[in-house]
Enquirer: 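Sharing a structure here in structure tokens format.
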Number of protein chains: 2
Amino acid sequence: MQRGICFLLDAVMKKYSKQSRMLLAVDCIIFGFDGQELKLLLIQRGFEPRKGEWSLVGGFVNADESADTAAARILSKLSGLDGVYMEQLHTFSAPHRDTVERTVSVAYTALIDIQKLKQQLHEDFHAVWFPINHHPALIFDHQQMVDKAKEVLRYKAALHPLLLELMPAKFTIPQLQQLYESVYHQTFDKGNFSRKILSTKLLVKLTDKDKLSSKKGAYYYKVDRKRYEASKQAALHFMPGDSQ
Amino acid sequence: MQRGICFLLDAVMKKYSKQSRMLLAVDCIIFGFDGQELKLLLIQRGFEPRKGEWSLVGGFVNADESADTAAARILSKLSGLDGVYMEQLHTFSAPHRDTVERTVSVAYTALIDIQKLKQQLHEDFHAVWFPINHHPALIFDHQQMVDKAKEVLRYKAALHPLLLELMPAKFTIPQLQQLYESVYHQTFDKGNFSRKILSTKLLVKLTDKDKLSSKKGAYYYKVDRKRYEASKQAALHFMPGDSQ
DNA sequence: GCAAAAGTGTTCGCTGTACACCCATGG
DNA sequence: CCATGGGTGTACAGCGAACACTTTTGC
């Protein structure tokens with residue numbers, strides 16, 4: 001009888017120690033665009049460990065949800081927004097990436113319209129937008145996550161009209177060009193850029209113009225949601241290989 | 001009985017730290033090419049639960065290793081090969097994807113030269129190559145993993161010379177074309193295909209010919225390893241948009 | 001009227017595509 | 001000598017890149 005119990009405990013111990021259980025977390029690399037350059041949303045940790053240091057927005061996955069669900073929940077809580085573009089990026093699982101206890105993190109890339117984010121909400125979380133290439137040091141392996149997210153963003157945006165997710169409800173072609181130039185660290189010919197974007201038929205021209213940045217003024221456009229959703233399937237060739 | 005104790009421990013652990021702990025596994029979607037069509041390596045489970053059913057090659061991540069390391073270990077043990085092409089695909093974390101207890105799985109795509117795989121080794125694991133579109137039902141969410149892997153393979157192979165990983169040490173252009181046609185379910189113009197592949201300078205022409213499939217014979221080529229490694233960085237436009 | 005930015009027109013070269021054609025050889 | 005698959009030649013269309021040029025309007 002006693003032998004039986006010992007055997008059982010052995011088996012249980014094996015399950016719990018050798019085969020190693022761990023915590024599952026999600027971290028979100030949240031990109032935004034303020035009209036000038038690509039931005040990254042970071043939070044200053046309000047709790048130990050490493051209180052005061054900067055990190056990505058993240059949290060733990062609950063028992064009854066998937067990582068996807070957890071990421072959506074966390075982003076929604078932070079931003080007050082639903083239906084935000086979000087995609088699984090990569091899973092980081094180095095044994096000691098979290099210094100406290102073993103935690104595996106599934107990283108997600110989110111693209112949000114910076115203007116939609118409620119000021120109030122993200123201030124509660126001590127969240128701040130930083131220029132993508134000029135932000136404070138990050139905890140754990142979060143810098144690695146950001147680097148990967150930038151790489152994948154460049155890669156995908158060259159083939160898909162992804163970056164439209166970052167634009168406000170109405171915007172001009174030169175504003176969009178500014179975003180592409182920020183993402184690719186490269187200038188594009190305005191004529192060719194405009195034609196290329198418009199050739200996708202993903203934008204609808206509005207009647208009013210933005211006159212803030214030029215005397216002639218540039219027409220506003222909005223995304224044709226129907227066509228945009230449909231185009232997500234097909235991989236278009238997107239990034240103008242153009243440079244000056 | 002064992003499950004009872006596990007459950008109890010689970011509850012205790014939850015009480016002490018509200019986040020739930022889970023097992024971390026890896027599963028490998030292993031592709032091969034037999035000269036005719038794309039193949040998938042599956043194993044018949046030799047243990048409960050679900051003994052006798054087919055699944056991807058997989059295993060648990062140990063306490064001292066990352067998912068990447070675990071995947072490499074498992075593939076190496078199965079195949080006897082090192083340095084095999086392997087890339088993280090996606091993480092699957094639906095709460096009840098594993099029916100026994102909560103397990104999160106990081107899926108990996110592997111591309112291997114089918115001829116290099118030691119017959120002995122994979123027979124020990126009851127591993128069998130199946131045509132990619134004609135294989136037995138898989139356990140858990142493994143079919144979802146395979147679908148995702150196929151999708152990503154098509155996507156990546158259109159931009160990178162990935163599929164060369166599946167070819168034997170020496171091969172002919174028509175053989176390579178057969179692989180592309182199998183992956184894309186589409187025929188390509190032989191002339192254009194050959195020129196396109198050769199224009200990458202990734203192949204070195206050998207002096208001998210394969211005379212099995214034609215009277216004239218087709219020259220063998222091998223991969224120029226140096227150039228190939230270098231090309232992994234740059235994204236080339238790869239898949240001929242050609243069809244007949 | 002001039003400066004400055006938006007947007008159009010136009011040229012040119014490269015590349016993808018289609019398809020005709022030549023090549024080598026086993027039967 | 002012909003059928004078969006390997007490989008080359010070539011012509012055309014379309015697209016991207018470059019850049020000149022026109023438009024609009026505030027000052």
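By convention in this document, chain letters (A, B, ...) are assigned in the order of the sequence lines, proteins followed by strands, and residues within each chain are numbered from 1.
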Enquirer: Take a 6.0 Å sphere around OH of Y219(A) and say whether it holds more than 12 heavy atoms from other residues, nucleotides or ligands.
Expert: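 Count not over threshold, so no.
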
Enquirer: Starting at atom CD of Q186(B), determine the distance to atom C1' of dG16(C), rounded to an integer number of angstrom.
Expert: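 In whole Å, dG16(C) C1' and Q186(B) CD are 14 Å from each other.
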
Enquirer: Would you give a per-nucleotide map of nucleotides 2-9 of chain D, 5' to 3', where B means the base has a protein non-hydrogen atom under 4.0 Å away, S means only the sugar-phosphate does, and - means neither?
Expert: ---BBBBB

Enquirer: Could you give the CG-to-P distance, from D210(A) to dT25(D), as a whole number of Å?
Expert: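 For the pair D210(A) CG and dT25(D) P, the rounded distance is 14 Å.
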
Enquirer: Using whole Å, what does the distance between atom P of nucleotide dC19(C) and atom CZ of F188(B) come to?
Expert: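 Roughly 16 Å, once rounded to whole Å.
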
Enquirer: Tell me the closest heavy-atom pair linking W129(A) and K39(A), and the distance in Å.
Expert: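 Minimum heavy-atom separation between W129(A) and K39(A): CE3-CB, 3.6 Å.
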
Enquirer: For the side chain to side chain donor-acceptor pair (under 3.5 Å) test, which of Q144(A), K150(A), Q143(A) pairs with D147(A)?
Expert: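 The side chain to side chain donor-acceptor pair (under 3.5 Å) with D147(A) is passed solely by Q143(A) among Q144(A), K150(A), Q143(A).
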
Enquirer: Quick check: do F140(A) and F92(A) have side-chain heavy atoms less than 4.5 Å from each other?
Expert: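 No. Closest side-chain heavy atoms not under 4.5 Å.
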
Enquirer: Would you please indicate yes or no on a ring centroid separation below 6.0 angstrom for H160(A) and Y155(B)?
Expert: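 Centroid distance Y155(B)-H160(A): below 6.0 Å, so yes.
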
Enquirer: Whole angstrom is fine here: how far is it from CD in Q177(A) over to C1' in dA17(D)?
Expert: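 My rounded result for the distance is 14 Å.
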
Enquirer: Calculate, to the nearest 0.5 Å, the distance between atoms CZ and CD belonging to F193(B) and E181(B) respectively.
Expert: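 So the CZ of F193(B) and the CD of E181(B) are separated by 7.5 Å.
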
Enquirer: Measure the distance from CG on L212(A) to C1' on dT24(D) and round it to the nearest whole Å.
Expert: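 Interatomic distance, CG of L212(A) to C1' of dT24(D): 16 Å.
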
